[in-house]
Amino acid sequence: MSSSPRRVYLTTPIYYASGEPHIGHAYTTFLADALARYHRQAGASVLFLTGTDEHGQKIQEEATRRGVAPQELCDQMAGRFQEAWQGLEISYDRFIRTTEAEHKAVVRAFVQRLHDRGHIYAAEYEGWYSVHEERFFTEKELGPGQTDPIAGRPVERIREKNWFFRMSAFQEDLVRHIEDHPEWIFPETRRNEVMGFLQKPLEDLSISRPRARLAWGIPLPFDEDHVTYVRVDALVNYLTASGAIRPEAEPAHQGFDTVDADGNLAGSWWPADVHLIGKDILTTHAVYWPTLLLGAGLPLPRRILSHGWWVVGDTKMSKSLGNVVDPLALKERVGADALRWYLLREMPTGSDASYTPERFLTRYEELANVLGNLASRTLSMIVRYRDGVIPAASDDGLAEESSLAIRRFHEAMEALRVNEALGHAMDLARTANGYVEAREPWSQARDPAQAAHLDETLASLARVLVVLAALLLPAMPSRMTELAARLGVGEVPTLDEAPRILLAGAGVAKGLPLFPRLDESVEGGN
Ligand code: ME8
C-alpha cells in the first residue's frame, strides 16, 4: 500500500534587510537546513522557507542613512542574504521578501479578515515610543533617563490613532493550548517563560502605524492612512508562503476548515511544522502570532523552536562593538561544512553559546581526529590491503552500534535536539575507531590465516562510514557527499538503506583528508 510522502514545513525568521547576515542568522538557518535535509532524506516532501523582513521604521531609517530608497536597500540586502545562504549550502525552497506583491496582498487579506471577524478596533493611543524597538513602552517600563528598557535608546511621547487587535480575547485559548500541548514550545525553559508572561492579563496589540509618520509599510485595506505594524506584516510571511490565504478568494474563502489527511489546510502547507526562531522573538511568535491566527480562525503552527543566543567571548555581538562574526569570511577559511558542524554541534538547543576561535578549533579537531581519521585509515587500508575494493564479507562488526546510533539520532532529530543527534553520530565514529584498535587490521594483514577476518574488519568499517555519511549529511552535505563518493557509493543513502546497501566490490578512493589541518591564520582569527 502506498501512502503520500510526509509533508514538512519549516521556517526561519525573516531577517531584517537593514543589516548584514552574521553567524546568529546563519545558526538558525543551519538548524532549519539540517532538519530540512533530514526530512528530505527520509523521503518527506519539504517546504523550507526563509527570507527578508523589508518594511518598517528600521529599514526606512537605514535607507535614509545610506541615502538610498528603501526598496533599493531591500533589493541589495535580500541579495546579500541569498548569496550568503548559497555559499553556506542552505537548501531553502522559498526565499520570501515582504515587499513582494503576493505578500502585500496576503497581509491585506489577513488583517481584513481579522476586521471582518470583529477583532480589530481603532483607539487613540498615547505612550512612549522607541524608534529602535518599533514599539511603545509604558511609563513604568522605561529605563533610567527616559530610555527604552531594552536597548537604552531615547523614547518620544506620541499620541496617535492606532488600530488594535483584541489580543486579550484569545489569552485563555492560548494558555489552554500551551497546557494541552507541552511540546508546542521547545525547549521547556522557553515554554515556562511564555507561561510566565501569560500570567498577567494581555493587552491588545497595536497593529498599525500612521502613514504620515511611517510610509514604508503595507496600507491597511480598511484605512489607507495607516500601514500594518511591521511585526504583524512579517509574521504573515509564513502564511503567504504556505498558500493558505488566497486574497482573490477572500472573504468567500473564510472558515478554512477543510483540512486534508495530513491535518493541513486543503491545498496549502499550513500549519508550519516548526517555526525556528531565536529567543529574542519568542513573545512575537508564541503570543502575538498564535492569537492573531486564532483571531483569523486558522490553525496554529505545530511547534516553535526558540534557540539561545550566540555571543562572542562573553560579549554580545553588535555592529557598534565591531565584533560581528561574518559567516562567509569563516567559510572562506574553513569551508561551509566545518562552520555548520561547529555551530550545530556546539550549541545545545535552547542554551546560549559563546563563539570563540578556541572552541571552533576544538570542535574542528573532533571532526578531523575522530571522523576524518576513521575515514582516512579505513580508505587507505582498503587501498593497501585489498587493492581499493571493498571485500565481499560479513560487514556487521558494528551493526548493533550503528542501529543504536541511528535510533538515537532519529529520536533526537524528531525532538529537535540537533546537537545531541550529531553527538550520537560522533559517538559511533569514536566506537568505530575503538573497533580498529581492537581488531588491529595491520596485524591481521601480516598473517595470511587472518585474511577472512581482515575482510570482515574492512567491510565493517566501510559499512559504518556509509552509515556515518547518512547520519551526518544534514549537517555537512558537501563533505558527506564526498565521503560517499570515495566509498564508491553514488549518493549518500537514506538512513534506512545505509545499513543494507550493497558495498562489496565497490572501488574506493583514498583522496586528501576530508578535514585538513587548519593553518595558523584560522587558529588566530575569529
Ligand atoms: O528579528 N544568536 O530579524 P533579525 C543567535 N525581522 N541567533 C541570532 C543572533 C545571535 N546572536 N542574532 C540573530 C528579526 N539571530 C525580525 C524577525 S520573523 C517573522 C521577523 C537570529 O534580523 C535569531 O534567529 O533581527 C533571531 O531570532 C533572528 O536572527 C533575528 O533576526
Side-chain angles (χ1 to χ4, degrees), residues 6-13 23-50 90-93 177-178 180-195 238 262-264 269-286 289-290 299-310 340-353 405-427 470-477 495:
R6 178 175 173 196
R7 288 154 55 103
V8 179
Y9 178 23
L10 302 167
T11 70
T12 71
I23 59 160
H25 305 123
Y27 174 68
T28 320
T29 315
F30 285 158
L31 264 181
D33 190 58
L35 291 169
R37 288 177 186 273
Y38 167 74
H39 288 294
R40 282 193 206 109
Q41 193 188 7
S45 173
V46 173
L47 175 62
F48 168 15
L49 172 72
T50 189
I90 301 299
S91 63
Y92 62 78
D93 299 296
H177 183 81
I178 299 174
D180 291 349
H181 301 85
E183 287 178 5
W184 190 60
I185 303 170
F186 176 79
E188 206 184 342
T189 45
R190 300 276 187 264
R191 176 176 182 265
N192 296 341
E193 236 174 79
V194 173
M195 284 306 260
Y238 303 130
D262 296 331
N264 288 5
W269 286 85
W270 192 255
D273 288 278
V274 190
H275 283 322
L276 292 104
I277 56 167
K279 64 180 182 180
D280 54 329
I281 48 179
L282 178 61
T283 310
T284 322
H285 283 75
W289 183 224
L300 304 189
R302 296 200 171 96
R303 301 191 74 179
I304 297 170
L305 186 170
S306 175
H307 63 71
W309 215 237
W310 281 97
R340 293 169 63 103
W341 171 259
Y342 167 71
L343 294 179
L344 291 174
R345 178 74 189 99
E346 181 76 352
M347 181 182 273
T349 327
S351 319
D352 291 348
I406 292 173
R407 201 172 68 233
R408 290 189 169 151
F409 184 86
H410 277 307
E411 280 166 11
M413 288 300 266
E414 293 293 341
L416 308 175
R417 300 181 188 278
V418 174
N419 70 306
E420 277 181 32
L422 299 182
H424 293 313
M426 202 42 89
D427 287 346
L471 288 168
L472 292 169
L473 183 73
M476 294 182 287
L495 277 173

Validation: residues 405-413 side-chain donor-acceptor distances under 3.5 Å, sequence neighbours left out:
| unit_1 | atom_1 | unit_2 | atom_2 | d |
| --- | --- | --- | --- | --- |
| His410 | ND1 | Tyr38 | OH | 2.6 |

Who are the salt bridge (Lys or Arg N to Asp or Glu O under 4.0 Å) partners of Arg345, not counting sequence neighbours? none
Who pairs with Ala44 by side-chain contact (heavy atoms from CB on, under 4.5 Å), at least two apart in sequence or on another chain? Arg6, Val8, His39, Val46
Quick one: pull up CG in Leu35 and CZ in Arg40 and give me the separation to the nearest 0.5 Å. 11.0 Å
Classify the ring geometry between Trp289 and His275 as parallel (under 30°), tilted (30 to 60°) or perpendicular (over 60°). tilted
I need the Thr349 OG1 to His307 NE2 distance, nearest 0.5 Å. 9.5 Å
Can you name the residues that form a salt bridge (Lys or Arg N to Asp or Glu O under 4.0 Å) with Arg190, not counting sequence neighbours? Glu193
Taking atom CD of Glu414 as the centre, report whether more than 12 heavy atoms of other residues, nucleotides or ligands fall under 6.0 Å from it. yes
Roughly how far, to the nearest 0.5 Å, is OH of Tyr27 from CG of Leu343? 8.0 Å
Intermediate values then yes/no, ring pair (Phe, Tyr, Trp, His ring centres under 6.0 Å), Tyr342 and Trp310: CA-CA 12 Å; Tyr342 167 71; Trp310 281 97; 5.8 Å; yes
Output yes when a side-chain donor or acceptor of Tyr9 lies under 3.5 Å from a complementary backbone atom of Tyr238, and no otherwise. yes
Only pairs under 3.5 Å count here: list side-chain donor-acceptor contacts from residues 276-283, not counting sequence neighbours, and write none if there are none.
| unit_1 | atom_1 | unit_2 | atom_2 | d |
| --- | --- | --- | --- | --- |
| Lys279 | NZ | Asp352 | OD1 | 3.1 |
| Lys279 | NZ | Asp352 | OD2 | 3.0 |

Would you compute the distance between atom OG of Ser91 and atom CZ of Phe48 and round it to the nearest 0.5 angstrom? 5.5 Å
Tell me every residue that passes salt bridge (Lys or Arg N to Asp or Glu O under 4.0 Å) with Arg303, counting only those two or more places apart in sequence or in another chain. none
